[in-house]
Every structure is written in structure tokens, then in C-alpha cells.
2 protein chains.
Amino acid sequence: MSEPEARPARAEQRRATEARILAAASRLFIDNGYERTTIRAVARAAGVDAGLVMHYFGSKQALFQRVTQASPMPELTGTPEEVTEQILARIAQMLAVEPAQSLALLRSVLTHPEAAEVWQEGTDRYHAEISHAIGAADADVRAALVSAVWLGVIVSRHLLKSPGLSDAGPQLVTDLLRPCLRSLTRADLPGTTG
Amino acid sequence: MSEPEARPARAEQRRATEARILAAASRLFIDNGYERTTIRAVARAAGVDAGLVMHYFGSKQALFQRVTQASPMPELTGTPEEVTEQILARIAQMLAVEPAQSLALLRSVLTHPEAAEVWQEGTDRYHAEISHAIGAADADVRAALVSAVWLGVIVSRHLLKSPGLSDAGPQLVTDLLRPCLRSLTRADLPGTTG
DNA sequence: TTGTTCAATCAACGCTTGTTGAACGAGAGG
DNA sequence: CCTCTCGTTCAACAAGCGTTGATTGAACAA
């Protein structure tokens with residue numbers, strides 16, 4: 001009964017409603033993507049009127065940005081082996097818990113131009129760091145392949161819900177992925193040409 | 001001058017128009033996905049009226065199916081090494097020339113339920129064949145990871161147009177991918193746990 | 001109490017979408 | 001010549017979309 005809710009009940013109610021809208025929007029953007037998610041559906045799921053969503057977030061695009069804006073990831077530095085482990089740790093984390101912001105962005109990355117743009121910006125730094133750690137002549141291609149593997153795994157697991165990946169634990173997946181990524185981040189074992 | 005166009009000029013014209021519509025639809029579905037591609041845009045790109053597109057293909061969904069229906073791929077069989085090479089050959093082919101049907105399907109696979117369903121059906125057989133070739137206890141997870149890598153590479157290259165991958169030749173990419181896929185298809189080298 | 005603020009609702013707008021059915025007009029068959 | 005076929009266009013529909021502005025009613029301040 002003596003809980004710390006002494007604040008003006010007005011602002012508290014507003015914050016709660018706004019949070020409910022954001023949660024509903026996140027869920028719908030993750031599940032259905034940008035185009036198939038309507039302001040009306042978000043409002044219905046949050047138990048409010050569509051006009052209120054507009055009043056709070058300005059536009060559908062702005063709401064999408066609020067949902068998908070992620071805190072910047074920590075830098076990738078060190079030897080290729082260390083960078084590989086950092087990437088694996090990141091993948092393990094994303095396999096363990098649903099990365100809401102990333103998934104909302106990923107779901108629309110192929111069909112919503114603004115999502116693709118944000119995604120690009122995010123992976124550019126990623127590429128540069130990986131490429132720098134590899135330091136070989138074909139480091140750019142290798143870094144792009146590392147990103148491609150990462151993308152494929154997360155998309156298969158969380159968005160396409162591939163049965164083989166959804167049932168497996170993060171530990172097993174990262175263990176299987178380790179030699180795969182190591183072969184990409186280390187510039188020996190050139191691959192049998194021809 | 002003596003070309004074999006003796007056929008009734010009526011049906012010939014029709015076939016040509018239908019082909020123009022299909023080509024325009026393919027391009028738009030690949031570039032913009034299902035939702036953002038409108039019947040009117042397809043008609044405009046093909047130089048015809050929107051009603052004609054409906055009259056020829058019945059519905060937008062039916063047009064999408066016509067564009068994305070692919071001839072069934074050859075079976076994957078043999079030792080894990082052989083299967084790996086077959087997959088690599090397939091990837092190389094898809095990197096060399098734009099695989100229109102697959103790209104039209106892939107672009108919408110995250111946002112169009114029917115596209116996701118068709119994709120699922122296609123990858124199920126794929127998974128079974130790879131998993132059978134591996135034959136280990138965790139073959140399902142390994143097969144799913146092989147598919148994930150394949151997905152990530154094609155998507156990054158053709159749809160997200162990752163600079164590092166778009167500039168590289170198919171030969172280099174498959175050479176880099178070979179050890180990566182071999183580590184997934186062969187059940188030795190368990191990966192350093194911990 | 002009286003007046004102000006503001007979360008929330010409501011009805012409507014302009015626009016685009018997929019889809020339809022009537023209409024037109026040039027070629028084929030007699 | 002006339003007639004039928006059929007590729008093609010045109011105009012319109014109903015539904016859904018994002019977005020807006022007026023309006024309501026309850027919590028606050030005086």
C-alpha cells in the first residue's frame with residue numbers, strides 16, 4: 001500500500017499508456033514488418049485510439065524509429081581470434097534472448113528502404129572493425145561473409161523460425177559456428193582452388 | 001526476313017505482352033517486394049493497363065506465384081564433402097547470375113506470409129538432404145546452419161548489396177566459404193568448448 | 001467552487017490499393 | 001461485305017491506409 005507512486009497520477013498514466021503502445025508496436029513490427037503493421041492495429045493492441053498513437057509519436061515512421069533505435073554496440077577489437085570470440089558471444093546473446101530492436105529492424109530490412117538504410121549504417125562500422133582485425137588482402141570479403149553468416153543465423157532462428165535452430169541451445173550453435181567463423185577471420189588455409 | 005513468325009499475329013502479340021508484364025513484375029518484385037509492388041506499377045512498367053494484368057493473371061497473388069515458381073533443384077547426395085561441393089557450386093551459380101525467381105521470393109520472405117510458406121517448403125527438402133548426408137547426432141542443427149549461411153550470403157550479395165560481396169568474384173567467395181561449410185558438414189573438430 | 005490542462009476519443013479527410021465489368025477497336029473467318 | 005473474337009482500355013467500386021482537428025471529460029491549480 002505504501003508503494004512509491006507519489007508522483008502526479010496524470011503523468012504516470014501517460015507514461016504507462018505510452019509504454020503499452022511501444023510494446024504493442026514492437027511486437028507487431030517484429031511479427032509483421034513495417035508495411036503490414038498499421039497504426040490502427042497498434043492502437044487496438046494497446047487498447048487506445050489510433051489518433052492517440054499519432055499524437056504521441058507523430059507518424060508511423062517516427063514510431064518505427066522509436067521502436068528500432070538500439071544502443072550502440074561495444075567495439076570489436078583485438079586479434080582475429082579475440083574478435084571471433086566477441087562475435088560469437090554476441091550471437092549467443094542474441095540467440096538466448098529475443099533482441100527486440102534488432103528483430104524489428106531486421107524484419108523490414110528487405111522491404112522498407114529506411115530500415116535498410118539504418119541497417120547499412122549499423123553494419124558499416126561492424127565491417128570496418130572486422131576487416132581491420134583480419135588485416136589481409138581480402139579482408140573486405142571476409143568481413144562481409146562474417147556479417148552474412150551472422151545475418152543468416154539470426155534471421156533463420158528468430159524470424160523464419162527454422163526448426164533445427166529454434167530447438168538448439170546457444171552453446172551448441174556457437175560451438176558449431178566457431179570453426180566456421182575462424183576460417184573466415186584467419187587468412188591462412190586458402191581453400192583448395194580448382 | 002524469312003523468320004519463323006508465321007503464327008497468327010494475334011496470339012503472338014498476346015504472348016509478347018504477357019512476357020512484358022512478367023518481366024516487369026519480376027523486376028519490381030525483386031526490387032521492392034510484394035507489398036510495395038502495385039499492380040498499377042507493374043502495368044505502367046509494361047506499358048499496359050492495370051486491368052489487363054488482372055485479366056491475364058487473375059490476382060496480384062497469382063502473378064507473384066507465376067514470377068516466383070522455380071524449377072525444382074537437383075538432389076543433394078553423396079559424402080559430406082561431395083554435398084559441400086554441390087552446395088558451393090550452387091552458391092557460385094547464384095553469385096554469378098541473378099537468380100530471378102529466388103530473389104523475388106527472398107525479397108518478400110520476411111514480410112509476405114505466402115512467400116515464407118513457399119520458402120519453408122523449399123528448404124525442408126534441402127535440410128533433409130543435408131542432414132542425411134551429415135548423419136551425426138546434431139545433423140539438424142548443422143543443416144540449419146548451412147542453410148543460414150547460404151541465406152545470408154545470397155541476401156547480402158543480391159538484396160542488401162553489401163559492397164564487400166558485390167565486388168568479389170564467385171570463385172573467391174566459394175573458396176572462402178569452403179572451409180566454413182566443411183566445418184559444418186563434417187562432424188569432427190567439435191569446437192573448443194568453454 | 002471556477003478555470004485550466006491534457007490524456008483520450010471520435011468522425012472525417014484525401015489518397016492508394018486490388019479488383020471488376022462495361023466498352024472500344026482492330027484483326028480473323030465467312 | 002458483315003460478324004465474331006479477343007486484346008486492350010476506361011471508369012468506377014469498396015476497403016483500408018496514415019493523418020488531422022474538433023471535442024470530451026477527468027485530474028489538477030486557484
Side-chain angles (χ1 to χ4, degrees), chain A residues 5-26 28-29 31-68 104 107-108 111-115, chain B residues 5-26 28-29 31-68 104 107-108 111-115:
Chain A
E5 57 176 33
R7 244 37 66 122
R10 263 319 233 239
E12 195 60 27
Q13 170 84 341
R14 156 144 193 174
R15 236 169 289 146
T17 311
E18 200 168 307
R20 252 169 41 233
I21 296 176
L22 272 176
S26 180
L28 288 171
F29 279 140
D31 290 344
N32 307 331
Y34 184 83
E35 315 279 353
R36 297 181 86 89
T37 298
T38 70
I39 294 279
R40 286 174 165 85
V42 170
R44 200 178 319 125
V48 297
D49 186 85
L52 193 62
V53 178
M54 295 298 299
H55 190 246
Y56 281 177
F57 298 94
S59 71
K60 180 182 179 181
Q61 177 62 28
L63 175 61
F64 183 73
Q65 287 174 228
R66 271 292 296 274
V67 167
T68 57
R107 175 71 78 181
S108 299
T111 44
H112 188 40
E114 313 234 22
Chain B
E5 58 174 33
R7 244 38 64 120
R10 260 328 229 223
E12 195 60 27
Q13 170 83 342
R14 155 145 193 173
R15 237 169 287 146
T17 310
E18 200 167 306
R20 252 169 40 232
I21 295 176
L22 272 177
S26 180
L28 288 171
F29 279 139
D31 290 344
N32 307 331
Y34 183 83
E35 316 278 352
R36 298 183 84 91
T37 298
T38 70
I39 294 279
R40 284 174 166 85
V42 170
R44 199 178 319 125
V48 297
D49 185 82
L52 193 63
V53 178
M54 295 298 300
H55 191 248
Y56 281 177
F57 298 95
S59 71
K60 181 183 177 181
Q61 177 60 32
L63 175 62
F64 183 74
Q65 287 174 227
R66 272 292 296 274
V67 166
T68 57
R107 172 72 78 181
S108 298
T111 44
H112 188 40
E114 313 235 21

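Chain identifiers are assigned alphabetically (A, B, ...) following the order of the sequence lines, protein sequences preceding nucleic acid strands; residue numbering begins at 1 within each chain.
- As a whole-Å value, the separation of B:Glu35 CD from D:dG16 C1' is 13 Å.
- Less than 4.0 Å separates DNA chain D from at least one heavy atom of each of the following residues of residues 36-46 of chain B: B:Arg40.
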Quiz item: If the sugar-phosphate is the primed atoms plus P, OP1 and OP2 and the base is the rest, what is the B/S/- string for nucleotides 5-10 of chain D, using protein heavy atoms under 4.0 Å?
Solution: -BSBBB

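- For the pair B:Phe57 CZ and C:dT19 P, the interatomic distance rounds to 14 Å; values are reported in whole Å.
- Computed from coordinates, the B:Lys60 NZ to D:dG16 P distance equals 15 Å when rounded to whole Å.
- Rounded to an integer number of Å, the gap from A:Met54 CE to C:dA11 P is 19 Å.
- For A:Asp31, the side-chain hydrogen bond (donor to acceptor under 3.5 Å, both in side chains) partners are A:Arg27, not counting sequence neighbours.
- Over its length, the helix from C:dT1-D:dA30 to C:dA28-D:dT3 turns its helix axis by 10°, as judged from the five terminal pairs at each end, rounded to 10°.
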Exercise. Give the C-alpha distance, both sets of side-chain angles, the deciding distance and a yes or no for side chain to side chain contact (heavy atoms under 4.5 Å, CB included) between A:Arg107 and A:Asn32.
Key: CA-CA 8 Å; A:Arg107 175 71 78 181; A:Asn32 307 331; over 6 Å; no

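- Residue A:Leu63 holds its CG atom at 8.0 Å from CD1 of A:Ile21, rounded to the nearest 0.5 Å.
- Looking only at side-chain heavy atoms (C-beta outward), A:Arg36 and B:Pro113 come within less than 4.5 Å of each other.
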Pairs under 3.5 angstrom only: tabulate donor-acceptor contacts from the side chains of residues 54-61 of chain A to other protein residues two or more places apart or in another chain.
from, atom 1, to, atom 2, distance (Å)
A:Ser59, OG, A:Ala62, N, 3.1
A:Lys60, NZ, A:Tyr34, O, 2.9
A:Lys60, NZ, A:Thr37, O, 2.8
A:Gln61, OE1, A:Tyr34, OH, 3.3
A:Gln61, OE1, A:His112, NE2, 2.9

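- Not counting sequence neighbours, B:Arg66 has no partner by the side-chain hydrogen bond (donor to acceptor under 3.5 Å, both in side chains) test.
- Between B:Thr111 atom OG1 and B:Glu35 atom CD the span is 6.0 Å, to the nearest 0.5 Å.
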Quiz item: Checking salt bridge (Lys or Arg N to Asp or Glu O under 4.0 Å) for the pair A:Arg15/A:Glu12: CA distance, chi angles, key distance, verdict?
Solution: CA-CA 5 Å; A:Arg15 236 169 289 146; A:Glu12 195 60 27; 3.3 Å; yes

